[in-house]
Amino acid sequence: MAYNAFLADRIAQFFTEKKVSFYEKKMFGGTCFMVDEKMCVGVLRDEIMVRIHPDVYEESLKKEGCKEMNFTGRSMKGYVFLTDDAYDLEVDLQYWLQLALDFNPLAKASTKRKSSKN
């Protein structure tokens, strides 16, 4: 299994209950939840990737189960990985998902790559 489908369902349920318009996009061998055409939250194996405000990044890393997102060999400020210690309880999962949703309006969308087809 590339990603924890039950965990993805918990995230989808939270977004649905909050009436957040989102869609899932397969990427990085997992699934990513896109909000306003921006990567908001993702699930890779049994970890959650959360995009948070850079101002709360350092403080967030001190919380149990939260670690740097080091996907390419260097940490990406504003992105963290969460282990089940950080999201096992529903209230904890909701905290992290709300943090991601709060930052989403401020987050920059990735630039679209131009197709080489003419």
Could you give me the CA-CA distance, side-chain angles and deciding distance for Glu68 and Lys77, then say whether salt bridge (charged side-chain N to carboxylate O under 4.0 Å, His left out) is met?
CA-CA 8 Å; Glu68 292 179 325; Lys77 191 169 184 175; over 6 Å; no

Would you indicate whether the side-chain heavy atoms of Ser60 and Ile52 approach each other to under 4.5 Å?
yes

Trace of the side chain to side chain contact (heavy atoms under 4.5 Å, CB included) decision for Met34 with Tyr23
CA-CA 5 Å; Met34 307 294 288; Tyr23 65 92; 3.6 Å; yes

When rounded to the nearest 0.5 angstrom, what is the spacing between SG in Cys32 and NZ in Lys25?
8.5 Å

Got Asp84 and Asp46 here, is their nearest side-chain heavy-atom distance under 4.5 Å?
no

Do Leu101 and Phe15 have side-chain heavy atoms sitting under 4.5 Å apart?
yes

Under 4.5 Å between any side-chain heavy atoms of Arg51 and Cys40, yes or no?
no

Locate the shortest heavy-atom distance separating Asp102 from Pro105; write the atom from each residue and the value.
O-CD, 3.4 Å

If you draw a 6.0 Å radius around NZ in Lys108, do more than 12 non-hydrogen atoms from other residues or ligands fall strictly inside?
no

Quick check for you: to the nearest 0.5 Å, what is the distance between Lys67 atom NZ and Leu82 atom CG?
9.5 Å

Could you please spell out the steps behind the side-chain hydrogen bond (donor to acceptor under 3.5 Å, both in side chains) verdict for Glu47 and Thr83?
CA-CA 5 Å; Glu47 292 186 325; Thr83 65; 5.9 Å; no

Pairwise distance OG(Ser75) to CG(Asn70) - rounded to 0.5 angstrom
6.5 Å

Determine whether Gln13 and Asp9 satisfy the following criterion, side-chain hydrogen bond (donor to acceptor under 3.5 Å, both in side chains), listing intermediate values before the conclusion.
CA-CA 6 Å; Gln13 180 179 355; Asp9 288 344; over 6 Å; no

For residues Tyr87 and Leu7, determine if any side-chain heavy atom of one lies less than 4.5 Å from a side-chain heavy atom of the other.
yes

Just by modelled atom types, is the Asn104 backbone N or O under 3.5 Å from a matching donor or acceptor in the Lys38 side chain?
yes

Once you round to the nearest 0.5 Å, how far does CG of Asn4 lie from CG of Leu44?
11.0 Å

Please say yes or no: joined through hydrophobic side-chain contacts below 4.5 Å, possibly via intermediate residues, are Val56 and Ile48 part of one cluster?
yes

If I compare all heavy atoms of Cys66 with all of Trp96, which pair ends up nearest, and what's the gap?
SG-CH2, 3.8 Å

Mind telling me whether Phe22 and Phe33 have parallel, tilted or perpendicular rings, with 30° and 60° as the class edges?
tilted

What are the two closest non-hydrogen atoms of Asp85 and Gly65, and how far apart are they?
CB-CA, 4.0 Å

Would you indicate whether the side-chain heavy atoms of Tyr95 and Lys63 approach each other to under 4.5 Å?
yes

Within the 4.5 Å heavy-atom criterion, are Val80 and Tyr57 side-chain neighbours or not?
yes

Take His53 and Leu106, measure what side chain to side chain contact (heavy atoms under 4.5 Å, CB included) needs, and give me the verdict at the end.
CA-CA 8 Å; His53 198 290; Leu106 306 172; 3.7 Å; yes

Drop me the distance from Arg10's CZ to Leu97's CG, to the nearest 0.5 angstrom.
8.5 Å

Please tell me whether Phe81 and Phe103 are part of a single hydrophobic cluster in this structure, the criterion being side-chain heavy atoms less than 4.5 Å apart.
no

Report the distance from atom CE of Met69 to atom CG of Leu61, rounding to the nearest 0.5 Å.
13.0 Å

